[in-house]
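Below you'll find the structure, written out as structure tokens, and then a few comments.
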Amino acid sequence: MKDKNISSLIKMIDSSDNIVFFGGAGVSTESGIPDFRSKDGLYNQKYKYPPEKILSHTFFMENPEEFFEFYKLKMNSLKYEPNITHIKFSKLEEKGKLRAIITQNIDGLHQKAGSKNVLELHGSIYKNYCMNCKRVHDAEYIFNVKGIPRCQRIRCNGIVKPDVVLYEESLDGEVVSKAVDAIAQADLLIVAGTSLTVYPASGLINYFRGKNLVLINKDETELDSRADLVINQSLGDVFSELEI
Ligand code: CNA
């Protein structure tokens, strides 16, 4: 017999065709990519500087060499594959039940699982632009080149910056506006695998006016008291129970 909370989630999913999913780093931990704040997360590993400092705009501008050393070592998710949670959300979209995935992740795993309408609040490792001439470079080049990635256009030599939102940088207005619209129109919002501590991304949940707000996370979050259903389990355990 299924767990009571999981049965409630399944009922909510069955009765909705306007689901929006809002996720964070916890969605990809079961693919092997560490999150930030879990006990095995990046914030609990030792570096010369705290990760939030290295991943800031100021640090990038002042110490690009050290930034890229960290970025290439810790943010390279090219070899990872989608897990059961990515796959189930892709299927929900295919069936016409899910309208949008709003993710704080930069790993591209939702798209790798086949999802189409993915709003990446914090950008993606797959987009990289020369800061000088704007030429696009692929992620393989960034992660495999030695030292600071430089523009491959002849005589340009600009630094190629990953299009990921660093601390101190603002989110893309168009992506935010699409995310707000999707959340405001949803009747079921599933929030999962996020500590909800990174702003302004986590504030977007305040736009939800629909019927059911579900929070799925291993740890408690500040929004638990506002949710109609809270499931403190691993996402893999929850979504492997969903038959789609
Ligand atoms: P976070 O602050 O690290 O929180 C992750 C949350 O997920 C924690 O509360 C965990 O308890 C929970 N969690 C971890 N694994 C699971 C699991 N298997 N099942 C259920 N819950 C789980 O990460 P947030 O996303 O909240 O913070 C936002 C940052 C993290 C964004 O800027 C991301 O870009 C950044 N980030 C992204 C990736 C990625 O792209 N995969 C990896 C690491 C960090």
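Atoms within a ligand are numbered from 1 in the order they appear, just like the ligands themselves.
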Find the distance between [atom1] ([X]) and [atom2] ([Y]) and round it off to the nearest 0.5 Å.
| X | Y | atom1 | atom2 | answer |
| --- | --- | --- | --- | --- |
| Leu166 | Ile54 | CG | CD1 | 11.5 Å |
| Leu9 | Met12 | CG | CE | 7.5 Å |
| Glu222 | Leu196 | CD | CG | 8.5 Å |

Gln233 near ligand 1 by a heavy-atom separation under 4.0 Å: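 Under 4.0 Å: yes for Gln233.
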Atoms in ligand 1 flagged as close to [X], the criterion being non-hydrogen separation under 4.0 Å:
| X | value |
| --- | --- |
| Ala25 | 23 (O), 24 (P), 25 (O), 36 (N), 37 (C), 38 (C), 42 (C), 43 (C), 44 (C) |
| Gly26 | 5 (C), 7 (O), 13 (N), 14 (C), 15 (N), 16 (C), 17 (C), 18 (N), 22 (C) |
| Asp219 | 9 (O), 10 (C), 11 (O) |
| Thr29 | 14 (C), 15 (N), 16 (C), 17 (C), 18 (N) |
| Val198 | 27 (O), 28 (C) |
| Ile33 | 41 (N) |
| Ser234 | 19 (N), 20 (C) |
| Ser28 | 41 (N) |

Given Phe22, which of Val27, Leu121, Ile190 fulfils the side chain to side chain contact (heavy atoms under 4.5 Å, CB included) condition?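 Among Val27, Leu121, Ile190, the one that satisfies the side chain to side chain contact (heavy atoms under 4.5 Å, CB included) with Phe22 is Leu121.
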Looking at ligand 1, does any of its N/O atoms fall within less than 3.5 Å of an N/O of [X]?
| X | answer |
| --- | --- |
| Gly24 | no |
| Asn217 | yes |
| Pro34 | no |
| Leu235 | yes |
| Ile106 | yes |

Parallel, tilted or perpendicular for [X] and [Y], by the 30°/60° rule?
| X | Y | answer |
| --- | --- | --- |
| Phe239 | Phe21 | perpendicular |
| Phe143 | Tyr71 | parallel |
| His57 | Phe60 | tilted |

Just checking, any donor-acceptor pair under 3.5 angstrom between side chains of Glu30 and Thr85?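 No, no side-chain donor-acceptor pair sits under 3.5 Å.
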Looking only at protein heavy atoms, which one is nearest to atom 41 (N) of ligand 1, and what is the separation?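 For atom 41 (N) of ligand 1, the nearest protein heavy atom is Asp107 OD2, 2.7 Å.
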I want to check something: taking the side chain as every heavy atom from C-beta on, are Lys161 and Asn128 in contact at a cut-off of under 4.5 Å?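 No; the side chains remain at least 4.5 Å from each other.
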